[in-house]
Number of protein chains: 2
Amino acid sequence: MSRQPNLTATLAKGLEVMEALADLEETGLTELARRLDLSAPTLFRILSTLVAEGYALKAAGRYRLSLKSWEIGAKAVRRLKLKDLVRPRAERLSQRSAESAHLAVLQGSGVVIIDKVDAAQPVRVDTYLGQRAPAHCSATGKAILAFLPPERVDEVLEPPLQRYTERTICDVRKLRKELAAARGQGYAVNRGEWRTDVCAIAVPLQDHAKEVVASLSLTLPTVRFTEDAIRTSFLPALREAAAAISADLGRA
Amino acid sequence: MSRQPNLTATLAKGLEVMEALADLEETGLTELARRLDLSAPTLFRILSTLVAEGYALKAAGRYRLSLKSWEIGAKAVRRLKLKDLVRPRAERLSQRSAESAHLAVLQGSGVVIIDKVDAAQPVRVDTYLGQRAPAHCSATGKAILAFLPPERVDEVLEPPLQRYTERTICDVRKLRKELAAARGQGYAVNRGEWRTDVCAIAVPLQDHAKEVVASLSLTLPTVRFTEDAIRTSFLPALREAAAAISADLGRA
DNA sequence: TGTCGTATTTCATTATTTGAAATACAATTT
DNA sequence: AAATTGTATTTCAAATAATGAAATACGACA
């Protein structure tokens, strides 16, 4: 076994187990051991440790992820403060446009939704706080990438870019062109590039130093994403919200 | 060093480091090593692993917690489904009462806020999603404990109960009496038992099998927590919300 | 009661973690 | 520019903890 220098393999394994639990709803020992290719005793000890530390729950021999990792991470989210500032604007944005507003930040090679306001109408896109989307085929991701320094963009757009639908832009050159265009326009769109029936339009949010720190989007079913709605409703509403937030961020 | 059987010490250490990062905003290696009583090389390897796995971020030799643990945990939160169901009721509850509504679940010996609707007035209590409160001196905690089977209550009320204010009930016998009363009344209150200037009133939420799974509260500054407001506004609003949710849960 | 599949413990072996010390790096002072 | 200080990182032999095969316990079902 080739060993990485200066890393603790045991910890890495434990974190992997935690991630697997997150995707699994509930699992037994043997089942998970097979999935992760760990021996039963090893996995048993890891799970026992996770339970002892409160990260996993055990009931009737079955393991589940607890809320502890969420709780821990919530402290980091809270520190972003962004949320408090954006929330009232996002509410107004959602009302004006009748669509769902999302606040997202870049995290690794994807974006994560850190706040949202659901559209007040029954047909809407199902999303959740903490949900991750690929940066290269989401409006929020592209709005952020468009305003990021080139070297940061390179890290995120490490080929190959995964294809999700026939509209996903997987060609890095082509994507860069689009990002340049988005920078010019001040907004980015996603037309079914991740999920066929979901479209979105997003604007970047910049802090006092004009660095992009997040993005704000309207996310909706493709059928409602008409050029007319974009021009007369979504874009004006997003721009107003972004301007107000940027002004606030300028002060803080 | 006396070794626990069947637990992986390295993983436990790594998780402790993660928790410390959550409380720390940002830290250097030496500083954190002192705090956790770990040798510099050991901590270095743990932090390197956390960074490699995406749980921590490193910039200019300083370490911070990333959003990854939050993202992982969000999947567990989402699975509770409760939130979706409660949200519209909580919104109406907050509007009717003009106070902040919280949805909380039991997690270890405390409760964690998994959803909230802020009061639409400027003077309100500062809380955040993922925030933990002690079960023995919060309205949400007591509302849940009051309807939990005795053996589960024992686990949570492991003495000594920590004192936070002069009103905190630290005597287990006395607290049990109050829980019995709360069970009779169908709601629990907290009168400055955790934070002097914060009061709350909470009702339990029960699933189809009549098991308590969460609680719903109104949380507000002590100055507004009058007997009159409780009787004419808070309690009726909470009861209506709880009844509607329970009916929904009965079906699901 | 017996059988089967899964979970847990034991224990000798093996591999990884460990920390002292050496070294590299960065910021600040002289 | 050189010296100083404090922190971060690497090295390496010793110490320790992790490992998995096998034995055992448990629990469901026949």
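Sequence lines set the chain letters: A, B, ... in the order given, protein chains first and strands last, and positions in each chain run from 1. FYI, side chains are in, hydrogens and waters are out, and symmetry mates aren't considered; it's all heavy atoms of this structure.
- The distance from atom CG of A:N6 to atom C1' of C:dT17 is 11 Å, rounded to the nearest whole Å.
- At D:dA17, none of the side-chain N or O atoms of A:T10 fall inside 4.0 Å of OP1 or OP2 (strictly under the cut-off).
- Salt bridge present: A:R62 and A:E31 bring a charged side-chain N and a carboxylate O closer than 4.0 Å.
- Considering only side-chain atoms of B:L29, the nucleotide from D:dT19, D:dA8, C:dT8 that sits closest is D:dA8.
- Checking side-chain atoms of A:S66 against main-chain N and O of A:K68 turns up a donor-acceptor pair under 3.5 Å.
- With D:dT9, D:dA21, D:dT11 as the candidates, the nucleotide lying closest to the side chain of B:K58 is D:dT9.
- In this entry the distance linking CG of B:L11 with P of D:dT16 reads 21 Å, nearest Å.
- As a whole-Å value, the separation of A:L43 CG from C:dT9 C1' is 15 Å.
- Considering only heavy atoms from C-beta on, A:I46 comes within 4.5 Å of A:K13 through its side chain.
- Contact annotation: A:T30 reaches the phosphate of C:dA7 (side-chain N/O to OP1 or OP2, under 4.0 Å).
- Closest contact between the side chain of B:F44 and the listed nucleotides C:dT17, D:dT9, D:dG20 involves D:dT9.
- Between B:L32 and B:Y63, every side-chain heavy-atom pair lies at or beyond the 4.5 Å cut-off.
- Counting to the nearest Å, the P atom of C:dT18 and the CG atom of B:L38 are 8 Å from each other.
- Counting to the nearest Å, the C1' atom of C:dG19 and the CG atom of B:L36 are 17 Å from each other.
- Picking from D:dT10, C:dT18, D:dA18 the nucleotide with the shortest atom distance to the side chain of B:T8 gives D:dA18.
- Proximity of A:T42 to the phosphate of D:dG20: a side-chain N or O atom is located under 4.0 Å from OP1 or OP2.
- With C:dT9, D:dG20, D:dT9 as the choices, the nucleotide that has an atom nearest any side-chain atom of B:Y63 turns out to be D:dT9.
- Here B:K13 reaches the OP1 or OP2 of C:dT18: one of its side-chain N or O atoms lies under 4.0 Å away.
- Side-chain proximity of B:R45 to the nucleotides C:dT9, C:dG19, D:dT19 is greatest for C:dG19.
- Atom pair A:I46:CD1 and C:dT8:C1' shows a separation of 15 Å (rounding to whole Å applied).
- Using a cutoff of 4.0 Å between basic side-chain nitrogens and carboxylate oxygens, B:D126 and A:R78 are scored as salt-bridged.
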